Asker: 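If you scroll down you'll find the structure; I have some questions about it.
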Amino acid sequence: MRKILVALIVLFTVLVDAQDFKIGKLKTDQFDITSNFEAKTPAFFIKKERFSEFKLNDWEEGWYAQKIVHNIIKINTTNGLDYGTVTINLYKRSADEERVNNIEGYTYELVDGALKKTKLDKKSIFKTTLSERYDQVSFAMPNVKEGVIVEYSYEVFSPFWKIDDLIFQEDVPVISYKAEVKVPEIFEFNTYYQGKYRCTLEQENKRKSFNFSFRQQGAYGTKTQNTRIANMTITEAVYTYSKQNIPPLKEEIYTNNLENYRSSIIFELASAELSQGKKKRFATSWEEVVQTLNESDRFGKPLLKTNFLKEEGQRFRESYPNQKDRAYSIYEFVKNNIAWDGKYRSRVDRSLKKAFESKAGSSAEVNLLLVALLREAGLTSHPVLSATKNYKVPIFPTLEGFNHILAAVALNDRLTLLDATERFAKPGQLSENVHNWEGRLVRPDGSSQKINLFSKKHVQEQTLVNITFSEDTKARGVFKKRLLGDNEIAFRKKFSNKPMATQEAYFRDQYNLETLTDFSLKSDLDSNAEISYKFESQELLEVINDKWYIQPLLFLKENENPFKASTRETPIDFKFPFIERKIINIEVPKTHTLQEIPEPIKLLMTDNLGEYSLTISQNQNVIQVMSIFKLNRTLFPPSEYETIRSFYTQMLERQTTPLVLIKK
């Protein structure tokens, strides 16, 4: 527990009001409640409630946070049965850990018009260890089936000064949401809304009195065994959030992390004043965030204890006079000698020396080692805080909004980002999971810099198909594709170390080709990602009334518009800005020719967001089709959805208009 040691004890606490959750008191009329959104929604929350406050029972043990959760859920279909299982993640660090108490639950059903209630058996509650940082408590509600209502509540006690996010939007409708948060005046939190919807907020300040225990100090600062009880009064802010009829959050195509758009309220600890006039700030500005990090034993201080790397640093200085060669060699050295353990972290769990000696570590340990070795080798390097797409979006000054660290090195007056946890990346390449909003470069002098983690450089995909149709309409051809840029990483991950037969089967099935031969795939880091093969197919040409109909992009065409919905609520994430070039050379028998050569097509989006061109030409019996699709931005907000949808509609219409060949 945190020890609160002050010369002059300033007495604060919160008195917990009795909660009116009344679990186990459900009435028959609750079964008459229906969702206003979908007749056959898998489930819906009749009531979703949260209560959070801070308590102080013992001065020496310090403040802790209490959270009470109370949910009532109607299960409509078999797809909603998962709502009968509840999981609670509990954070732990060193000797401090969260714990859950007072788990209580009931399942209700109507039997011949009468209410039948089944209580949760304590034997159905299980605790497991997820990692060194998290435990999980889970329980399955009894007798869960279609048509029942489940109700449960539990309390979480946390020694960490935090308020968990108020999540009021779920994957199913929420009929009624209410949360009450009580914050004593010694704590200050910043609050931020995330997602589309907002709650109604009522706020008032109340004076609260309470008792707590403490031990007096004896001679020479020692503590006596005499426990005393003190009575104190404090002002607390009481925030009540409520909202009715909240639509579900739905998965949409081309969305990065759906959790970034779930309507919720985020609390970030800004300051704590444990003794009068001595306020400690945590995250009210980036300057304070950086100061806290630089003073941390898990971030800034480890970068000051790197003497164990001096010999390695000197070796790289002598071996690589050119700074770019030196930086890239150090990057490859760390990547190949310090194994990433698969855990994303924004702070280390042990010294960098121990991570170096064990040749393994978290993302924080691997990339802080990279920063340290770059510095020891005479290069300017700084850590960059980042958040992966499966974590969250750091939209405000925060200590907890990041889960990853990158290394930035200054080369030729430009910053190059390196991630030694990604073994499939070349120097300067980042995986799609890391291209997420903004990072924060942290310098030892207390300054920082915003780093745009969305890629501005276009990834490229170049495809060439040479195909010949015989008189019997059978097609034989050669396929070649090359990838250039950060999209190579995903390609290498997918195909490296896979058997050749598996690789061949993937591409044969992808395009529904009958035979595939002379297959070659390059996925090593010494070259660009490339695929080539020969193929045969009888399905690429259609004959109607002696006319041949051929799709201009053959099997490379898009089959349907991925943007079918009339509206959209989440941004569209294309992962990278990109350029797709497709060149198809179609050789047909000399007996056939195009009935008509289509006019060139060029589609342009507004504000130079993207463009598409399709050009078809004929030289004797060879028809050449050239398709170029370019998008200049990664992320498109919902307000631009109709622009994207309309653009795709027009593009696909042009791509799927067949070439018509007639006999000469």
Side-chain angles (χ1 to χ4, degrees), residues 14-33 35 43-55 64-76 80 82-90 98-109 115 117-122 124-125 136-144 148-158 162-183 197 199-202 238-246 248 262-265 267:
V14 178
L15 180 65
V16 181
D17 290 337
Q19 297 307 300
D20 192 28
F21 288 157
K22 296 181 179 177
I23 186 167
K25 304 296 184 182
L26 203 70
K27 304 296 183 183
T28 304
D29 58 9
Q30 294 289 324
F31 282 86
D32 296 330
I33 298 176
S35 166
F44 62 89
F45 284 75
I46 296 174
K47 185 179 291 187
K48 182 175 170 65
E49 295 181 317
R50 251 276 299 277
F51 174 82
S52 293
E53 67 169 353
F54 288 89
K55 296 180 66 177
Y64 64 89
Q66 180 191 36
K67 175 180 71 175
I68 302 175
V69 173
H70 178 223
N71 292 330
I72 303 176
I73 306 170
K74 173 72 181 300
I75 295 176
N76 285 344
D82 287 346
Y83 287 91
T85 300
V86 183
T87 58
I88 308 161
N89 290 335
L90 303 172
E98 295 178 331
R99 67 182 190 274
V100 61
N101 292 330
N102 298 328
I103 297 174
E104 190 174 359
Y106 299 90
T107 299
Y108 305 86
E109 61 177 321
L115 190 65
K117 180 170 69 173
T118 307
K119 186 175 182 179
L120 172 67
D121 190 338
K122 299 299 182 183
S124 299
I125 302 173
Q136 187 178 84
V137 171
S138 61
F139 56 90
M141 298 295 293
N143 197 31
V144 174
V148 303
I149 293 177
V150 296
E151 179 186 28
Y152 59 85
S153 70
Y154 58 85
E155 300 177 10
V156 175
F157 293 86
S158 174
K162 67 171 186 173
I163 299 173
D164 290 338
D165 298 349
L166 300 180
I167 300 172
F168 53 90
Q169 186 179 33
E170 294 286 346
D171 296 337
V172 295
V174 177
I175 305 303
S176 175
Y177 178 84
K178 181 178 180 181
E180 186 177 87
V181 179
K182 296 183 178 182
V183 182
Y197 300 101
C199 285
T200 300
L201 171 62
E202 297 179 4
V238 181
Y239 304 93
T240 303
Y241 300 89
S242 61
K243 188 168 182 61
Q244 311 297 314
N245 298 323
I246 306 164
R262 191 178 299 279
S263 295
S264 54
I265 303 169
F267 290 80

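Atom set for the values below is all heavy atoms of this structure, side chains included, hydrogens, waters and symmetry mates excluded. As the structure is a computational prediction, the values presented were derived from the model and not from experiment.
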Asker: Rounded to the nearest 0.5 Å, how far apart are NZ of K47 and CD1 of I149?
Answerer: 11.5 Å
Asker: Quick check for you: to the nearest 0.5 Å, what is the distance between E202 atom CD and S242 atom OG?
Answerer: 6.0 Å
Asker: Could you tell me whether the side chain of Q66 and the main chain of E155 form a donor-acceptor pair under 3.5 Å?
Answerer: no
Asker: Is it the case that atom NZ in K122 sees more than 12 heavy atoms from other parts of the structure closer than 6.0 Å?
Answerer: yes
Asker: Kindly indicate, with the supporting measurements, whether the criterion side-chain contact (heavy atoms from CB on, under 4.5 Å) is fulfilled by I265 and V181.
Answerer: CA-CA 11 Å; I265 303 169; V181 179; over 6 Å; no
Asker: Does K162 have any salt bridge (Lys or Arg N to Asp or Glu O under 4.0 Å) partners at least two apart in sequence or in another chain, and if so, which?
Answerer: E98, D164
Asker: Restricting to ring-ring contact (aromatic ring centres under 6.0 Å, His included), what partner residues turn up for F44, sequence neighbours left out?
Answerer: none
Asker: Does the side-chain contact (heavy atoms from CB on, under 4.5 Å) test come out yes or no for V172 and Y83, once each step is laid out?
Answerer: CA-CA 10 Å; V172 295; Y83 287 91; 3.5 Å; yes
Asker: Please enumerate all residues that pass salt bridge (Lys or Arg N to Asp or Glu O under 4.0 Å) together with D171, with sequence neighbours excluded.
Answerer: R262
Asker: Please tell me whether S263 and Q169 have a donor and an acceptor in their side chains that are separated by less than 3.5 angstrom.
Answerer: yes
Asker: Identify, with sequence neighbours excluded, every residue that meets ring-ring contact (aromatic ring centres under 6.0 Å, His included) alongside Y152.
Answerer: F139
Asker: Suppose we screen for side-chain contact (heavy atoms from CB on, under 4.5 Å). Which residues come up paired with D165, at least two apart in sequence or across chains?
Answerer: I167, I266
Asker: Once salt bridge (Lys or Arg N to Asp or Glu O under 4.0 Å) is applied, do any residues pair with K48, and if so which ones, sequence neighbours excluded?
Answerer: E170
Asker: Do other residues, nucleotides or ligands put more than 12 heavy atoms under 6.0 Å from K119 NZ?
Answerer: no
Asker: Under 3.5 Å, is there a donor-acceptor pair between the side chain of K117 and the main chain of Y106?
Answerer: no
Asker: Among I175, I33, I46, V150, find the one that has a side-chain contact (heavy atoms from CB on, under 4.5 Å) with I72.
Answerer: I46
